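Accompanying notes for the structure given below.
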Amino acid sequence: PWRQIIEASGLLNDLIVKPLIYSIKDIRENKENGFINIEYQNNYPIIISAYPKPENDTRRNKVSKNLLKNTFDPVNSIVYLGFLAANSNSCNHIIKVFDGRRRFNLEFIEINKHNNEIKCKQKIKRIAGYSKKELTKHPKEGIILLKKISDNTNFYFPTEVKIPLTIGSFYVKLSKNYVLH
């Protein structure tokens with residue numbers, strides 16, 4: 001068992017979604033804790049601090065800089081999907097993601113649209129930075145449900161994310177959303 005605390009921030013307006021920071025802390029039972037703190041500068045993620053340090057990780061190849069440009073962190077990628085879905089009235093999109101160690105694409109395929117909800121299949125295409133163990137264990141797909149925030153806004157917010165794992169499944173349900181400024 002483990003727990004993660006994730007903080008992310010970004011800019012969202014009518015024209016763009018831009019990640020600013022991404023911070024994740026793993027709290028594992030009977031093991032060392034890990035963390036990574038990323039800031040975005042000039043459309044690139046910059047690792048500010050991490051434990052264990054990615055450059056000391058011999059289990060994986062480092063993700064090259066050319067694969068990092070215009071990527072999103074995992075949280076802002078889902079917000080970006082809501083932005084794209086609102087502007088195209090579909091979730092059929094591919095988003096480039098970097099979580100501090102791994103670079104992958106999230107490919108979203110629309111399954112169903114009903115009233116103010118869109119249900120999408122999420123495929124995870126691994127690009128770089130995976131260890132051999134992660135290649136056998138990390139998920140390859142999931143489901144995401146997007147719901148329009150209100151009739152007055154043109155934005156879909158992720159309300160559910162379900163990803164089957166080898167040890168069970170990852171499930172997040174958001175019952176409330178807040179607009180912070």
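Source: prediction; values computed, not measured. All values below come from the heavy atoms of this structure, side chains included, with hydrogens, waters and symmetry mates left out.
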Determine whether more than 12 heavy atoms belonging to other residues, nucleotides or ligands lie under 6.0 Å from atom CD of Glu117. yes
Where Pro54 and Gly100 come nearest, the two heavy atoms and their spacing: CG-O, 4.0 Å
Going from OH on Tyr51 to CG on Asp26, what distance comes out if it is rounded to the nearest 0.5 angstrom? 12.5 Å
Using a 4.5 Å cut-off on heavy atoms from C-beta on, say whether the side chain of Val75 contacts that of Ile6. yes
Could you give all pairs that pass the salt bridge (Lys or Arg N to Asp or Glu O under 4.0 Å) test and reach residues 67-96, with sequence neighbours left out? none
For the atom pair NZ (Lys123) and NZ (Lys121), what is the distance rounded to the nearest 0.5 Å? 5.0 Å
Which atom names give the shortest non-hydrogen contact between Phe108 and Gln122, and what distance separates them? CE2-OE1, 3.5 Å
Test item: Ile24 and Phe35 side chains (from C-beta on) under 4.5 Å apart, heavy atoms: no
Inter-residue atom distance Cys120.SG - Leu81.CG, 0.5 Å rounding: 5.5 Å
As a quick check of understanding, evaluate salt bridge (Lys or Arg N to Asp or Glu O under 4.0 Å) for Glu134 and Lys132, giving each step before the final call. CA-CA 5 Å; Glu134 289 168 341; Lys132 287 181 183 178; over 6 Å; no
Answer yes if Val63 and Ile127 sit in the same cluster of Ile, Leu, Val, Met, Phe, Trp and Tyr residues linked by side chain heavy atoms under 4.5 Å apart, and no otherwise. yes
In terms of heavy-atom contacts, does NZ of Lys113 have more than 12 from other residues, nucleotides or ligands at under 6.0 Å? yes
Side chain to side chain contact (heavy atoms under 4.5 Å, CB included) for Ile48 and Ile38? Distances and angles first, verdict last. CA-CA 6 Å; Ile48 302 302; Ile38 297 173; over 6 Å; no
Are Ile144 and Leu146 packed together at the side-chain level, in the sense that at least one heavy-atom pair is separated by less than 4.5 angstrom? yes
On a heavy-atom basis, the closest approach of Ile21 and Asn76 is O-ND2, 4.2 Å
Test log, rule side chain to side chain contact (heavy atoms under 4.5 Å, CB included), inputs Ile95 and Asn105: CA-CA 6 Å; Ile95 301 172; Asn105 285 348; over 6 Å; no
Could you work out, with ring-ring contact (aromatic ring centres under 6.0 Å, His included) as the rule, every residue matching Phe72, not counting sequence neighbours? Tyr80
Ignoring hydrogens and angles, tell me if any N or O in the side chain of Arg59 forms a donor-acceptor pair with the backbone of Ser131 under 3.5 Å. no
Can you check whether Asn112 reaches Ile118 side chain to side chain, under 4.5 Å on heavy atoms? no
Should Tyr130 and Leu106 be regarded as members of a common hydrophobic cluster, given that ILVMFWY residues are connected when their side-chain heavy atoms come within less than 4.5 Å of each other, either directly or indirectly? yes
Atom of Pro45, atom of Leu68 and distance for their closest heavy-atom approach: CD-O, 3.4 Å
Output for pair (Tyr156 OH, Lys147 NZ), nearest 0.5 Å, gives 11.5 Å
Just do the side chain to side chain contact (heavy atoms under 4.5 Å, CB included) check on Ile143 and Lys119 with the steps written out, would you? CA-CA 7 Å; Ile143 299 290; Lys119 184 176 184 180; 3.7 Å; yes
I'd like a table of donor-acceptor pairs (distance under 3.5 Å, sequence neighbours excluded) in which one partner is a side-chain atom from residues 86-94, with atom names and distances.
from  : atom 1 : to     : atom 2 : distance (Å)
Asn87 : ND2    : Phe83  : O      : 2.9
Ser88 : OG     : Leu84  : O      : 2.8
Ser88 : OG     : Ser90  : N      : 3.4
Ser88 : OG     : Ser90  : O      : 3.1
Ser88 : OG     : His93  : NE2    : 2.9
Ser90 : OG     : Asn92  : N      : 3.1
Ser90 : OG     : Asn92  : ND2    : 3.1
Ser90 : OG     : Glu110 : OE1    : 3.4
Asn92 : OD1    : Glu110 : N      : 2.7
His93 : NE2    : Ser90  : O      : 3.4

The reported gap from CZ in Arg101 to NZ in Lys53 (rounded to nearest 0.5 angstrom) is 11.5 Å
Contacts of type side chain to side chain donor-acceptor pair (under 3.5 Å), residue Asn37, not counting sequence neighbours: Ser23, Ser49
Closest heavy-atom pair and its distance - Leu67, Arg103: O-NE, 2.7 Å
List the steps, then state whether side chain to side chain contact (heavy atoms under 4.5 Å, CB included) holds for Val17 with Leu12. CA-CA 5 Å; Val17 174; Leu12 170 66; 3.4 Å; yes
Pi-cation contact, Phe104 with Arg102 (under 6.0 Å, within 45°): no
Counting only heavy atoms not in Asp57, do more than 12 fall under 6.0 Å of its CG? yes
Restricting to side chain to side chain donor-acceptor pair (under 3.5 Å), what partner residues turn up for Ser9, sequence neighbours left out? none
Could you name each residue pair satisfying side-chain hydrogen bond (donor to acceptor under 3.5 Å, both in side chains) that touches residues 38-47, not counting sequence neighbours? none
All heavy atoms of Ile27 vs all of Ile5, minimum pair found to be CD1-CD1, 3.7 Å
Do Arg126 side-chain atoms and Leu135 backbone N/O form a donor-acceptor pair below 3.5 Å? yes
